[in-house]
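Just so it is clear: chains get the letters A, B, ... in the order the sequence lines come, proteins before strands, and each one is counted from 1.
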Amino acid sequence: MAEHFDVIIVGAGMAGNAASYTLAKAGLNVLQIERGEYPGSKNVQGAILYANAVEQIIPGFRDDAPLERHVIEQRMWMLDDRSYVGSHFRSENFNEEKPNRYTIIRAQFDKWFNRQARDAGAMVICETTVLDLIRNDAGKVVGVRCDREGGEVYAEVVILCDGVNALVGQRSGIRSEISPEHAALAVKEMHFLPREVINERFNVRDDEGVVIEALGTVTSGMLGTGFLYTNGESISLGIGCIVSDFVETKIGPAKLLERFKAHPSIAPLIRGSEVKEYAAHLIPEGGYNAVPQLYGAGWLICGDAAHFLNAAHREGSNLALTSGRLAAETIIALKSEGKAMTEANLALYRQKLEESFVLKDLKKYKDLPHTLWRNKQFVTTYPELMAKAAENFFRVDGVDKLTKEKDIVRSFRKARGVLGLVGDAVKVARAWR
Amino acid sequence: MAMSDKIEEKLYQNRYRVDEGCPHVRIDASKVPSEQLKAMVDICPAGCYVEGENGKVEVVPDGCMECGTCRIVCQETGELEWAYPRGGYGILFKFG
């Protein structure tokens with residue numbers, strides 16, 4: 001491996017593969033290093049794929065990428081222990097020729113995506129963990145050190161796509177540690193069911209899919225959400241909460257998942273399924289304020305390692321794909337102009353991110369993670385109140401409607417106070433604006 | 001507690017290649033266990049942490065899913081030595 005490459009990419013997740021493919025296609029000499037047995041074997045996601053971000057990289061990806069179902073219906077549920085109040089949005093428009101969102105299975109998608117990068121000319125080495133960055137006397141990053149004998153490889157520039165734990169960046173001192181308030185721990189199970197059973201239970205045909213996002217008492221007072229995504233012949237079911245909340249409550253995520261599965265609104269949807277995998281993963285939820293330095297002499301950071309996740313809209317893979325592509329395009333532009341990979345020149349990457357939805361969206365919601373974390377009522381009190389209010393409203397029991405309405409208003413006032421209600425509304429409006 | 005609540009049963013579905021004799025998570029046993037480390041006994045999603053009879057916390061990372069939760073929870077206590085397993089070892093997600 002004593003070769004010299006144009007670019008070394010650490011990791012074969014969404015960001016790494018996007019960068020690898022884009023660079024290789026442009027004819028650059030690329031080495032991509034992945035610690036898993038195969039690309040995807042260390043990667044965990046819900047998982048929703050946003051087509052637009054992939055199309056920017058591989059326009060015809062739908063022809064042969066492993067996609068599960070395209071999403072035609074989105075459900076948002078607020079749960080208490082025995083019921084849910086929900087909104088469902090379903091549209092025939094999502095049955096378009098080029099659908100907008102898909103469910104995917106990461107181990108399969110990543111393997112496919114990495115194959116595209118390899119076919120475009122990238123050299124990919126698996127089962128190799130990158131330990132550290134190598135710098136020259138001037139402090140510029142010139143390569144990486146791997147856990148193999150003679151595992152020092154050199155390149156003009158290194159792109160770090162090493163995920164939420166971002167150990168390489170941290171060991172090298174270019175990134176600080178992620179804090180327990182800025183990370184969510186999610187656990188997930190894969191529930192297998194025949195395709196027809198899923199079609200019937202979710203009222204869909206063929207490759208149509210449904211997404212359910214749930215919040216409420218299922219997270220036991222912690223800031224977090226549950227989710228259910230339909231795949232072709234399986235259901236991805238999981239729940240995640242902020243790590244510092246787990247530490248405080250000492251409620252194990254495995255137990256939380258069992259409770260979510262047993263909820264009367266969820267249990268019938270997965271009845272009789274065969275579970276084939278249990279996964280856990282951290283999600284970087286700190287938003288814009290947690291984004292680290294994104295570039296330096298000879299290096300760039302993308303995806304989860306750069307804290308690119310929009311928690312408000314449950315988006316992550318599209319930010320990873322786009323940042324990987326923009327990092328690659330930055331390097332391609334510099335190379336074509338014969339410019340060196342200095343910190344000043346690589347600042348172009350930040351500029352590209354500022355011009356894209358990635359940093360624009362993160363900036364828009366920069367106060368949201370903190371607001372929600374400090375105001376747990378948005379995921380605890382309100383869902384419960386909504387469920388109780390709905391039950392009161394719909395139960396016909398001889399009580400007149402005006403009294404019922406007053407009871408509902410009173411229950412909200414009692415729980416939060418008039419000032420609390422107004423304050424909460426302002427807080428959300430501010431953080432969302 | 002129902003059988004399905006048991007984490008071991010969940011982990012049984014997963015595929016691992018364990019690096020025998022090379023645990024990727026180690027606890028500094030010379031220190032008195034911190035509250036953060038003790039919390040891991042309850043919240044590790046793979047149930048890797050157990051509290052021994054002497055009040056010491058022990059880790060058996062064979063079922064570890066490499067999420068890194070213990071790493072960030074205990075970052076300030078300095079009790080944990082945490083690295084990814086050697087290339088090719090550890091959890092191998094079939095679906096992810």
Side-chain angles (χ1 to χ4, degrees), chain A residues 33-38 40-45 47 105-108 110 125-131 146-148 163-165 167 177-180 182-183 185-187 189-190 231 234 236 243-244 246-255 257-258 261-262 275-282, chain B residues 1-17 19 22 24 34-49 51 63-78 80-96:
Chain A
I33 306 171
E34 161 61 37
R35 65 189 187 89
E37 183 184 42
Y38 56 86
S41 65
K42 295 289 184 184
N43 304 345
V44 177
Q45 198 195 338
I105 290 171
R106 281 294 298 270
Q108 292 164 11
D110 292 4
I125 298 180
C126 291
E127 301 197 334
T128 305
T129 303
V130 172
L131 301 174
C146 309
D147 65 344
R148 290 187 173 204
V164 61
N165 278 297
L167 289 191
E177 181 64 274
I178 187 168
S179 79
H182 285 164
L185 167 60
V187 288
E189 280 181 347
M190 292 294 285
N231 304 314
S234 64
S236 301
V243 170
S244 53
F246 275 122
V247 174
E248 206 176 299
T249 63
K250 295 194 169 58
I251 297 170
K255 196 177 267 180
L257 181 61
E258 288 309 308
K261 280 158 62 181
V275 181
K276 292 193 181 174
E277 190 167 80
Y278 169 61
H281 194 63
L282 289 181
Chain B
M1 195 180 276
M3 277 297 279
S4 56
D5 283 359
K6 287 193 178 144
I7 294 176
E8 302 84 68
E9 200 172 283
K10 289 180 184 292
L11 299 177
Y12 189 71
Q13 316 293 335
N14 293 352
R15 196 173 148 235
Y16 295 94
R17 199 199 294 169
D19 197 356
C22 289
H24 65 285
S34 66
E35 286 307 309
Q36 289 96 316
L37 185 61
K38 283 186 194 161
M40 291 316 302
V41 175
D42 297 309
I43 68 172
C44 171
C48 294
Y49 291 83
E51 194 162 350
C64 176
M65 294 177 277
E66 297 161 31
C67 66
T69 304
C70 56
R71 199 181 62 78
I72 66 169
V73 167
C74 299
Q75 59 183 299
E76 276 156 17
T77 74
L80 280 192
E81 218 180 285
W82 203 103
Y84 280 128
R86 271 200 291 159
Y89 288 92
I91 182 84
L92 297 165
F93 289 113
K94 296 170 284 185
F95 308 104

Say you draw a straight line from CG of A:Leu282 to NE2 of A:His182; how long is it, rounded to the nearest 0.5 Å? 13.5 Å
Using a 4.5 angstrom heavy-atom cutoff, name the option from B:Tyr84, B:Tyr12, B:Trp82 with the most pairs to chain A. B:Tyr84
Just so I know, are the side chains of A:Ser41 and B:Phe93 near enough to count as touching, which here means a heavy-atom distance under 4.5 Å? no
With a 4.5 Å cut-off on heavy-atom pairs, point out which of B:Gly47, B:Cys44, B:Pro45 contacts chain A the most. B:Pro45
A:Leu131 versus chain B, the contacting section by heavy-atom distance below 4.5 Å: neither
In terms of heavy-atom pairs under 4.5 Å, which option from A:Leu167, A:Asn43, A:Thr249, A:Val164 contacts chain B the most? A:Leu167
Classify the side-chain pair A:Ser236/A:Asn231 by whether it contains a donor and acceptor separated by less than 3.5 Å. yes
May I ask you to say whether A:Glu127 pairs ionically with A:Arg148, meaning some side-chain N is under 4.0 Å from a carboxylate O? no
Would you call B:Arg15 and A:Glu37 a salt bridge, using N to O less than 4.0 angstrom? yes
Could you look at B:Glu66 and say if it's the side chain, the backbone, both or neither that has a heavy atom under 4.5 Å from chain A? both
Between A:Val243, A:Asn165, A:Val275, which residue shows the highest count of heavy-atom pairs closer than 4.5 Å to chain B? A:Asn165
Quick check: closest heavy atoms across B:Lys94 and A:Ala107, and the distance to 0.1 Å? O-CB, 3.3 Å
Answer with side chain, backbone, both or neither: which region of B:Tyr89 has an atom nearer than 4.5 Å to a non-hydrogen atom of chain A? backbone
Ranking A:Glu248, A:Gln45, A:Lys42 by heavy-atom pairs under 4.5 Å to chain B gives rank one to A:Lys42
Please state whether the side chain, the backbone, both or neither of A:Val247 comes within less than 4.5 Å of a heavy atom of chain B. both
Among A:Ala280, A:Gly252, A:Gly163, A:Pro180, single out the residue with the greatest number of heavy-atom pairs under 4.5 Å to chain B. A:Ala280
Between B:Lys10 and A:Glu277, is there a side-chain heavy-atom distance shorter than 4.5 Å? no
Quick check for you: among A:Lys276, A:His281, A:Gln108, which has the greatest number of heavy-atom pairs under 4.5 Å with chain B? A:Lys276
Identify which of A:Gly40, A:Ser244, A:Ala183, A:Ala279 forms the greatest number of heavy-atom pairs closer than 4.5 Å to chain B. A:Ala279
Taking CD in A:Glu177 as the centre, count heavy atoms belonging to other residues, nucleotides or ligands within less than 6.0 Å. Is the count above 12? yes
